[in-house]
Novice: 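Take this structure, written in structure tokens, and hold onto it; I'll ask about it next.
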Amino acid sequence: MKKKKESLSYGVIGLGRFGMALAVTLANSGKEVIVVDKDEEKVKEMRQYTEYAFVCTNLTLESLREVGIQNCDVVVVCIGEKVDVSILTTMSVLELKVPKVIAKATSLEQGAVLQRIGADVVYPERDMALRLGKRLVSNSFLDYISLDNSVEIRQIQVPDELLGKSIEELQFRPKYGLNIIALENGDETTIEVPPSHRFTRGDIIVVIGKVNNLDDFENSI
């Protein structure tokens with residue numbers, strides 16, 4: 001695969017559930033994707049999404065170079081379970097000078113090693129558990145994105161007690177230190193929400209702010 005200047009190209013190494021879902025999502029979004037796995041059946045399945053699907057029984061530096069991993073702008077190593085293979089493969093990808101290398105980890109210890117050798121680390125199972133846990137203990141918010149340890153974007157269902165009230169009346173910014181960055185209702189999304197907007201049934205607000213401020217607002221409603 002030759003690198004295209006106008007669009008990022010991606011590599012996905014390891015076609016487990018996480019890797020397969022990631023590769024399919026990228027391919028369906030029109031991205032060029034190289035996928036690599038030792039399982040021939042999984043590779044065959046991916047060939048309906050990308051022509052760059054390769055079987056590699058040994059993930060050596062040379063085999064990765066042969067399939068063109070070095071031409072990718074971003075490579076995600078999705079081999080969380082086999083720690084030694086995960087670390088060695090990530091080292092090989094880094095040695096091929098790929099600009100951005102992301103590695104899946106299943107433990108903090110594995111993640112620490114991967115981070116130390118130069119990869120960005122993701123913890124899919126842990127992050128999904130945190131997301132589910134937050135949703136289970138919340139009465140109002142539907143989903144969230146953590147920007148760092150203190151700031152989140154939350155998608156919050158407007159409760160009945162706020163219907164008919166305006167954003168200005170509720171004093172989101174001065175009282176809670178929060179900013180509404182979008183408003184959703186049905187299939188419509190508004191990204192410029194006026195302070196005069198009065199909440200109606202079905203409104204969902206997308207709010208950004210510090211975690212403790214978001215928690216205070218949630219507890220108040």
Side-chain angles (χ1 to χ4, degrees), residues 3-12 18-33 49-50 72-76 99-102 104 120-221:
K3 189 184 291 185
K4 288 188 175 181
K5 296 296 182 184
E6 67 274 13
S7 179
L8 294 179
S9 54
Y10 298 83
V12 176
F18 176 72
M20 182 75 77
L22 175 62
V24 170
T25 300
L26 290 169
N28 284 341
S29 298
K31 304 300 181 181
E32 278 198 341
V33 188
Y49 301 100
T50 174
C72 296
D73 298 291
V74 182
V75 170
V76 187
K100 187 174 182 64
V101 181
I102 302 168
K104 171 188 171 183
D120 293 335
V121 180
V122 293
Y123 301 88
E125 290 83 1
R126 186 199 66 174
D127 292 346
M128 183 57 71
L130 289 172
R131 187 180 293 269
L132 176 59
K134 286 204 171 195
R135 290 179 64 181
L136 288 173
V137 301
S138 170
N139 294 320
S140 57
F141 82 80
L142 306 175
D143 207 349
Y144 82 103
I145 298 172
S146 179
L147 301 182
D148 60 28
N149 290 330
S150 62
V151 179
E152 288 182 358
I153 298 173
R154 291 190 189 176
Q155 187 186 45
I156 301 173
Q157 177 75 57
V158 176
D160 289 347
E161 51 266 34
L162 298 188
L163 299 181
K165 296 181 179 180
S166 71
I167 294 172
E168 191 172 27
E169 289 171 354
L170 292 169
Q171 296 188 304
F172 271 83
R173 189 177 296 174
K175 186 175 180 180
Y176 298 103
L178 302 175
N179 289 298
I180 297 177
I181 58 175
L183 176 74
E184 303 170 1
N185 196 310
D187 295 329
E188 294 186 4
T189 300
T190 304
I191 59 173
E192 294 182 1
V193 188
S196 59
H197 174 82
R198 292 188 179 274
F199 291 122
T200 59
R201 191 168 301 281
D203 276 355
I204 295 172
I205 51 175
V206 182
V207 185
I208 186 171
K210 291 186 177 180
V211 172
N212 58 330
N213 291 342
L214 287 161
D215 289 340
D216 288 344
F217 172 67
E218 186 193 353
N219 291 333
S220 73
I221 60 174

Novice: Step by step, would you call Ile167 with Phe199 a side-chain contact (heavy atoms from CB on, under 4.5 Å)?
Specialist: CA-CA 8 Å; Ile167 294 172; Phe199 291 122; 3.8 Å; yes
Novice: Taking the side chain as C-beta and beyond, is there a heavy-atom pair between Leu26 and Ser29 under 4.5 Å?
Specialist: no
Novice: Counting N and O atoms only, with roles assigned by atom type, does the side chain of Asp203 sit under 3.5 Å from a partner on the main chain of Asn185, one being a donor and the other an acceptor?
Specialist: no
Novice: Counting neighbours of CD on Glu161 that are heavy atoms of other residues, nucleotides or ligands and sit closer than 6.0 Å, is the number greater than 12?
Specialist: yes
Novice: Please determine whether side-chain contact (heavy atoms from CB on, under 4.5 Å) holds for the pair Tyr49 and Asn28, giving the CA-CA distance in whole Å, both sets of side-chain angles, and the decisive distance to 0.1 Å.
Specialist: CA-CA 7 Å; Tyr49 301 100; Asn28 284 341; 3.7 Å; yes
Novice: Is the backbone of Asn179 close enough, under 3.5 Å, to the side chain of Arg173 for a donor and an acceptor to pair up by distance?
Specialist: no
Novice: Tell me if a side-chain donor or acceptor on Glu169 pairs with a main-chain N or O of Ser166 at a distance below 3.5 Å.
Specialist: yes
Novice: What distance separates Leu183 CG from Ile204 CD1, expressed to the nearest 0.5 Å?
Specialist: 9.0 Å
Novice: With heavy-atom distances below 4.5 Å as the criterion, would you say the side chains of Glu218 and Ile156 are in contact?
Specialist: no
Novice: Looking only at atom types and distance, does a side-chain atom of Gln155 sit under 3.5 Å from a main-chain N or O of Ile205, one as donor and one as acceptor?
Specialist: no
Novice: Once you round to the nearest 0.5 Å, how far does CG of Asp160 lie from CZ of Arg201?
Specialist: 4.5 Å
Novice: Given the rule in the side-chain contact (heavy atoms from CB on, under 4.5 Å) test, do Lys31 and Leu8 qualify, once you have shown the distances and angles that lead to the verdict?
Specialist: CA-CA 7 Å; Lys31 304 300 181 181; Leu8 294 179; 5.9 Å; no
Novice: Just so I know, are the side chains of Val207 and Glu152 near enough to count as touching, which here means a heavy-atom distance under 4.5 Å?
Specialist: no
Novice: Given Lys100 and Asp120, is the side-chain contact (heavy atoms from CB on, under 4.5 Å) satisfied, shown in steps?
Specialist: CA-CA 8 Å; Lys100 187 174 182 64; Asp120 293 335; 2.5 Å; yes
Novice: Atom CD1 in Ile102, atom OH in Tyr10: separation rounded to 0.5 Å?
Specialist: 8.5 Å
Novice: Kindly indicate, with the supporting measurements, whether the criterion salt bridge (charged side-chain N to carboxylate O under 4.0 Å, His left out) is fulfilled by Arg154 and Asp215.
Specialist: CA-CA 10 Å; Arg154 291 190 189 176; Asp215 289 340; 2.8 Å; yes
